Number of protein chains: 2
Amino acid sequence: MRPTVHDIAAAAGVSLATVDRVLNQRAGVRSVTREKVEQAIERIGYVRDVAAANLAKSRVYPFIFILPAGDNSFMRGLEAQVRAAIARSPVERTSISIVSVPAFNAEALVAALDEAQAAAPAGVAVVAIDSPDVIAAVNRLRAARIPVVTLVSDLPGSQRDHFAGVDNVAAGRTAGSLMGRFLGGQSGSVAVLAGSMLVRDHRERLDGFRAVMDQDFPGHALQPVLEGQDDPAQVERLIDDLLTSQEGIAGIYSLGAGNRGLIAALKKRAGKAHICVIAHELTPHTRAALNDGLIDAVLNQDAGHEVRSAIRVLKAKADGVAVFGAQERIRIDIFLKDNLPFEQDAAADTPLDRGSNQEPAQGEED
Amino acid sequence: MRPTVHDIAAAAGVSLATVDRVLNQRAGVRSVTREKVEQAIERIGYVRDVAAANLAKSRVYPFIFILPAGDNSFMRGLEAQVRAAIARSPVERTSISIVSVPAFNAEALVAALDEAQAAAPAGVAVVAIDSPDVIAAVNRLRAARIPVVTLVSDLPGSQRDHFAGVDNVAAGRTAGSLMGRFLGGQSGSVAVLAGSMLVRDHRERLDGFRAVMDQDFPGHALQPVLEGQDDPAQVERLIDDLLTSQEGIAGIYSLGAGNRGLIAALKKRAGKAHICVIAHELTPHTRAALNDGLIDAVLNQDAGHEVRSAIRVLKAKADGVAVFGAQERIRIDIFLKDNLPFEQDAAADTPLDRGSNQEPAQGEED
DNA sequence: ATTTTTTTGATTTACGTACATCAAATTTTC
DNA sequence: GAAAATTTGATGTACGTAAATCAAAAAAAT
């Protein structure tokens, strides 16, 4: 049987009240006694029963999620996942609020972070913008002992507790490797379409992509990076211009959002030589394009994973408990048209497999 | 505030004892009363606090994992993950025992299943072999109201509650698609190496692979399937023979285990034209081969995921609770040498990221 | 209408932890 | 060595649920 607080008391030769004082770092314990108790804890291998503790405390975790606004399928999917988590709140003892800020706007993000700090939540998850002001705002939160998890886009150099997102350099490298191999002997240059170099994840993907292309596939020159602000309309114009002004584009790597515009532009040149297209994030649009052969591969990060992971980590940090790393890695999914998961509404992420003996649920995670 | 049993009692106008009788399906309640209570539960939206319930019951879940024995890196990794779960037992209220059976031996598996049934556990996880006897044994377990989850290899046609593993047809299709595209214009035939056609996962991978190759890349003929019994020595002999007797092998798809033998055989022909190799499961051997360029892509299923998922599902089934499908999908990881996660001992799957502000853990899941 | 059986209510204890209160013991201070 | 301050112990309540007991009420059987 698992040792309890009573066992600590017996082992340390002190009363339950003293054990409680040590465990919950309350005042009024001599350091000699404290040590005696701590050694007993170590010796008998006591681990706090978190379920019982939460029950006794009737603890709830107020969390704040700061997400970029705008017409971006991935971000809207992410928000839907947060809303799904809100629906689970009673069971998970969370109380989550969503704060929406304009995309690619560091100032607004700083304001939102400061406001979040004022609300004194048990944790904050934020889709970060890489800027010194934002780093400072995150560090202020940490100084106020509020755990911070970056979501999707990281903020190195800050004191954020954890990053719930993919390794974007590896994602870019993978894209480069697939691009090079899919192009095979074909000649031609490769275009890169990003959202903004302001966000870390886009910069990192570009770095990884460039590194592999330069080293392993030097035959394919890279065009200057296009920045479409993750905006479909803008992206469509950029790609239209590119494809009319430039000859010999063999591949396009779309490392940001706004793929609706990219797909629209690609559709206009139906019949011409195939361009190898690799994009990010599986949305209804990229899925359809993958099926139609307009896009060759989609690299995806599972927004549901990221949200659930962020919540688990924030809880753990709030409780001062170790995070189980193996469970929190967010992976890069590579989708070809041959391994697409069954279509499923991300928001309507309802429990499947509830009856007995159903087929395995398709299109999900862990 | 979340409604409690007291709220049910008040809402239904009955006593706490009656509510308890209904909730825990005890006898001695008239059907009229039972319905009154059930309606009240529905009406006020009561959800049982599982943590509190488990605390009150001091519930433990005795589970049995039936795994194939043998010198197979993936299966040994799987076993290591089960052992890691055993280490977490006190916290997770599980009590897991491992039963080892000879690989590809349906009779032994049936015996193990029957023995498991005699032990009356709260659930059984099994790496299935596709045979009518095994199906019958699994159905016996289910008839005895013991939840069964198939692990890695499924058993359709049986009444297993859930499959914790990947969509192997999709995996095979993906392998086919990658093989076809990586080969590009190159000519030559493609060999397929399996473990045994007795296990479902191998058959399904073959089906998927064949479908894509036949349809999308008819230029590459498939060689007859080689069965290596997942045994490195046997595999090495098979591949040695193949490569000396056959000319013009452009690709090899290894859909089972025993890749050590494959890699050894490949090493012997260093200097000759590159053969495109796609294999399954990331082990120290395949990882090294990927880095060396001997293997072009590795499709992987995360054993840690599968084990943790199986446990979550078994618990849910034991409690008669709905499974959260989105969290239980096991994904197919595609590894190129460009997106290999940092090396990590699968067994020593210790919590990372335990201090504050560490880099995100690499090489993991959910 | 009485007895028997079944159903319902009232109450208590337990799970492991948190938290509060008050008394007793110990240490520190003067 | 006495007073003051600090530390420790003893005890009780709470969290939401499970489970048991016994009495009371209601229903069914005679």
Side-chain angles (χ1 to χ4, degrees), chain A residues 1-38 40-41 44-61 89-93 122 315 318-321, chain B residues 1-38 40-41 44-61 89-95 122 315 318-321:
Chain A
M1 274 287 106
R2 205 171 148 186
T4 73
V5 282
H6 294 86
D7 300 321
I8 304 176
V14 300
S15 77
L16 213 56
T18 300
V19 172
D20 179 68
R21 287 177 187 117
V22 173
L23 275 177
N24 297 293
Q25 30 224 11
R26 277 185 255 278
V29 185
R30 276 189 305 166
S31 50
V32 229
T33 319
R34 162 158 285 127
E35 254 173 58
K36 220 167 46 172
V37 174
E38 273 160 359
I41 291 175
I44 67 175
Y46 168 84
V47 197
R48 180 196 253 108
D49 183 328
V50 188
N54 282 342
L55 179 61
K57 279 193 284 207
S58 24
R59 187 162 187 14
V60 286
Y61 301 83
S89 274
V91 177
E92 298 184 352
R93 297 177 180 278
K315 272 190 176 178
D319 291 339
V321 171
Chain B
M1 273 288 105
R2 208 171 145 184
T4 74
V5 282
H6 295 85
D7 300 323
I8 305 177
V14 300
S15 77
L16 213 56
T18 301
V19 173
D20 179 70
R21 288 180 185 114
V22 173
L23 276 177
N24 297 292
Q25 32 224 10
R26 277 184 255 279
V29 184
R30 277 188 305 168
S31 51
V32 230
T33 318
R34 162 158 285 125
E35 253 174 60
K36 219 167 45 169
V37 173
E38 274 161 359
I41 290 174
I44 67 174
Y46 169 83
V47 195
R48 179 194 254 112
D49 183 328
V50 188
N54 282 342
L55 178 62
K57 279 193 284 206
S58 18
R59 187 158 185 19
V60 285
Y61 301 84
S89 274
V91 177
E92 298 184 351
R93 298 176 177 278
T94 55
S95 160
K315 272 189 176 179
D319 291 339
V321 171

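Reminder, nothing fancy here: chain letters follow the sequence lines and each chain counts from 1. What's counted below: heavy atoms across the whole structure, side chains too, no hydrogens, waters or symmetry copies. Fair warning: this is a prediction, and the values are worked out from it, not measured in the lab.
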Axial cation check for B:Tyr46 ring with B:Arg48, 6.0 Å and 45° limits: no

Distance-minimising heavy-atom pair for [X] and [Y]:
| X | Y | value |
| --- | --- | --- |
| B:Arg34 | B:Gln25 | NH2-CA, 4.5 Å |
| B:Arg93 | A:Asp49 | NH2-OD2, 3.1 Å |
| A:Ala27 | A:Arg21 | O-CD, 4.1 Å |

Residues in salt bridge (Lys or Arg N to Asp or Glu O under 4.0 Å) contact with B:Arg26, at least two apart in sequence or another chain: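 B:Arg26 satisfies salt bridge (Lys or Arg N to Asp or Glu O under 4.0 Å) with B:Asp20 once adjacent residues are dropped.
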
Base-contact (B) and sugar-phosphate-only (S) positions in nucleotides 6-25 of chain C, heavy-atom cut-off under 4.0 Å, - elsewhere: -SBBB----BBBSB------

Separation of D:dT17 P from B:Ile8 CD1 (nearest whole Å): 7 Å

A:Lys36 NZ to C:dT26 C1', straight-line distance once rounded to whole Å: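 Those two atoms, NZ and C1', are 12 Å apart.
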
